[in-house]
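Inspection log for the structure reproduced underneath, given as structure tokens.
Note that ligands are numbered from 1 as they come in the structure, with each ligand's atoms numbered from 1 the same way. Just so you know, these numbers use all the heavy atoms, side chains as well, and skip hydrogens, waters and symmetry mates.
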Amino acid sequence: MKRSLLYTIIGILAIAVIALAVMQFTGGGDNQSTAPAADVEGLGDAAAALVAERGLTSENVYAALKTYMPSGQHDPYVMFASGGHSGQLHVIGVPSMRILRTIAVFAPEPWQGYGYGEKSQEAMFEEGDVLGAGVRWGDTHHPALSETGGRYDGDFIFINDKAQARVGVVDLRDFETKQLVKNPIAMNDHGGTFVTPDTEWVIEGGQYAAPPGGAYAPISDYNDEYRGMITFWKFDREQGRILMDESFAMELPPYWQDLCDSGKLVSEGWIFCNSFNTERATGGAGSGEDAVPFESGASQNDMDYLHVIDLNKVIDVAANNENKVNDFNYISLETAVDENLFYFIPEPKSPHGIDVAPKGDFMVVSGKLDPHVTIYSFDKIMTAIKDQDWTPDEYGIPVLNFDSVMEAQVELGLGPLHTQFDNKGYAYTSLYLDSAVARWTLGGDYDHADEAWTLIDKESIHYNVGHIAAVEGDTVEPAGNFLVALNKWSVDRFNNVGPLLPQNLQLIDISGEGESLQLLYDMPMGIGEPHYAQIIKAERLHPVQVYPEVGWNPHEWAVDENATLAGQERIERDGKNVEVWMTSIRSHFTPEHVEINQGDHVTWHITNIEQAVDAVHGFAMPAYNINLSIEPGETATVEFDANKDGVFSFYCTEFCSALHLEMTGYLLIKPNVDTGK
Ligand code: CUK
Ligand code: CUA
């Protein structure tokens with residue numbers, strides 16, 4: 001790492017600063033300094049002693065200065081990292097790498113009162129149920145921030161659940177999940193979520209081919225009955241919801257579609273999705289002597305297929321499409337082929353990542369088993385399509401001539417996976433097997449086109465990097481200062497916490513030119529496996545701190561019809577139905593006693609009438625699995641059958657004031673003597 005010049009400069013600057021301070025203290029400068037020189041010198045000595053005592057290198061000191069965030073100062077960037085099989089989404093400040101929030105998406109999370117009885121949430125979870133089962137976990141892979149004009153706009157974030165083919169919609173006005181949709185065609189997904197440059201569509205690509213719509217077919221019918229898919233979710237920005245009725249899916253051959261990306265600028269209107277297992281291996285390890293495991297069966301071909309999808313044509317065809325599966329608009333493979341909705345490009349070799357360069361002009365594919373990244377030119381792809389420079393495959397899909405559309409191949413190292421971009425004309429590719437991040441140059445119109453398609457630097461990481469995320473790295477205008485490597489193995493990096501180790505997120509400085517990549521910081525992530533992440537400039541985010549009005553329903557983003565102000569608290573009974581309107585404010589609930597009978601049906605509204613920032617009240621009820629977090633201004637509702645008699649103390653779970661322990665009350669459920677209980 002050629003940082004030595006930079007350190008020399010930093011050293012000279014530091015000496016100059018101290019000299020200036022001394023000059024000012026001794027009256028040698030024009031400006032009046034408020035910092036006495038003795039402090040500066042004292043600080044210098046203490047810092048020097050600390051550096052010596054801890055044996056820090058100048059690289060360490062540089063890294064510390066680059067990442068340290070003084071108390072009360074905010075990070076300039078915010079990373080949204082998938083939480084893997086925690087089912088959630090993590091929000092992390094960059095460069096300090098402090099966890100700011102976990103957004104619960106697919107899994108209930110008690111501390112944020114998510115999934116423990118609140119009615120709007122229960123309804124939302126039910127929308128995401130899978131074949132009638134209340135699945136309460138997910139495997140999140142690819143968060144996608146909403147975009148306007150190809151730039152993150154800070155309004156929404158979407159994330160997929162690979163395990164169940166679901167998509168979650170999070171509103172960044174309050175960082176809360178508002179919608180879960182279950183894909184009616186597929187059992188699992190992977191190549192999503194990603195958005196079109198103005199977020200009209202949220203795209204979810206498939207993974208393991210299966211009979212569409214959850215049907216059954218024996219594995220021996222794989223070629224005829226199993227299919228891949230890609231789903232186009234129509235997003236309504238006003239409502240902040242995916243519109244099921246205007247969404248649709250397209251059938252694809254039974255290859256295993258993997259990651260996808262959206263075209264932008266020149267390539268806007270095109271979708272790129274790669275695939276593996278074009279061998280159509282059906283596995284079967286353990287089921288007989290001839291069975292070939294997927295691991296080798298799906299890795300035979302030198303080339304798999306990049307899917308190049310004509311989005312505008314697909315939208316037109318979908319608008320007049322009659323075919324439905326599970327009541328969902330579904331373009332059959334036959335129609336897709338007849339209408340020329342997509343093309344294939346050969347891509348080496350069991351590819352994983354496909355990433356579109358900031359100007360939309362190049363598509364970068366990494367073959368997991370090929371030491372190169374392969375770069376395709378959008379121009380050349382369009383020319384090949386125009387000239388019909390293709391051979392149809394056995395499904396009739398045009399396969400473009402590889403040599404006609406390939407722009408370059410750059411040898412980077414072993415196990416290339418994912419690529420990101422900066423503002424200096426460099427691309428960055430993660431190398432899983434090498435445990436490294438490679439920096440290389442783009443050609444075309446980018447800054448380093450004079451040395452185009454050249455490996456420039458490789459930074460070792462620890463260990464086995466999956467995705468990498470650069471600041472605004474998926475947009476038309478990446479920032480180019482920081483990159484985070486999301487590593488799969490941490491092995492020896494942290495204190496031993498037993499055999500299940502944290503993931504390791506490593507922050508890398510990419511601000512310099514040439515061979516200047518430097519590792520800055522290790523962040524253990526002990527709450528799920530982040531796959532992908534996106535990093536946004538913090539200034540683009542404008543969440544509320546207190547809901548706009550007292551009695552706010554965060555799901556409807558409007559005042560709740562059961563909003564309860566101070567003085568409006570009451571309990572009403574209509575036969576066996578009991579309804580409670582309660583308020584919470586430091587440090588009491590009103591009413592504090594709720595007396596009902598066993599067998600009553602209870603609907604209970606609680607309004608946090610606080611308007612102070614951070615004045616959250618919890619509501620925990622034993623035995624009934626009720627646990628709420630009610631943010632300032634919010635109205636929450638729970639509904640339950642009072643089938644267990646007894647005395648139940650409900651209480652506030654947030655230490656909200658000196659008298660927080662007194663913030664409690666009794667639910668008294670009289671036994672129903674008629675039933676003999
Ligand atoms: S994947 Cu996990 S390292 Cu789901 Cu995008 Cu590549
Ligand atoms: Cu409210 Cu503790």
What distance separates Glu472 CD from Gln534 CD, expressed to the nearest 0.5 Å?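 Going from CD on Glu472 over to CD on Gln534, the span is 9.5 Å.
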
Would you say Glu529 contacts ligand 1, with heavy atoms under 4.0 Å as the rule?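 Flag not set, Glu529 not near ligand 1.
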
Tell me whether Leu417 reaches ligand 1 (any heavy atom closer than 4.0 angstrom to a ligand atom).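 Not so, Leu417 does not reach ligand 1.
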
At less than 4.0 angstrom from any non-hydrogen atom of [X], what atoms of ligand 1 do you find?
X      : result
Lys488 : 2 (Cu), 3 (S)
His467 : 1 (S), 3 (S), 5 (Cu), 6 (Cu)
Gly466 : 3 (S)
His142 : 1 (S), 4 (Cu), 5 (Cu)

May I have the angle between His141 ND1 and His190 NE2 with its vertex at atom 4 (Cu) of ligand 1, rounded to 10°?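 Rounded to 10°, it measures 100°.
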
NZ/NE/NH1/NH2 to OD/OE distance under 4.0 Å, [X] and [Y]:
X      : Y      : answer
Arg586 : Glu654 : no
Arg166 : Asp161 : yes
Lys488 : Glu529 : yes

Could you verify whether a donor N or O on one side chain and an acceptor N or O on the other, from Thr607 and Thr583, lie under 3.5 Å apart?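 No, no side-chain donor-acceptor contact under 3.5 Å.
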
Taking atom types as modelled and ignoring hydrogens, do the side chains of Asn160 and His141 form a donor-acceptor contact shorter than 3.5 angstrom?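 On atom types as modelled, these side chains do not qualify, holding no pair under 3.5 Å.
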
Using atom 6 (Cu) of ligand 1 as the vertex, how large is the angle between NE2 of His352 and NE2 of His418, rounded to 10 degrees?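 Taking atom 6 (Cu) of ligand 1 as the apex, the two atoms subtend 90°.
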
Could you pull out the atom name of the N/O/S atom in His531 that is nearest atom 2 (Cu) of ligand 1?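 Closest N, O or S atom of His531 to atom 2 (Cu) of ligand 1: ND1.
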
Students often mix this up, so state it plainly: with edges at 30° and 60°, are the rings of His142 and Tyr532 parallel, tilted or perpendicular?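 The rings of His142 and Tyr532 sit tilted, inter-plane angle from 30° to 60°.
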
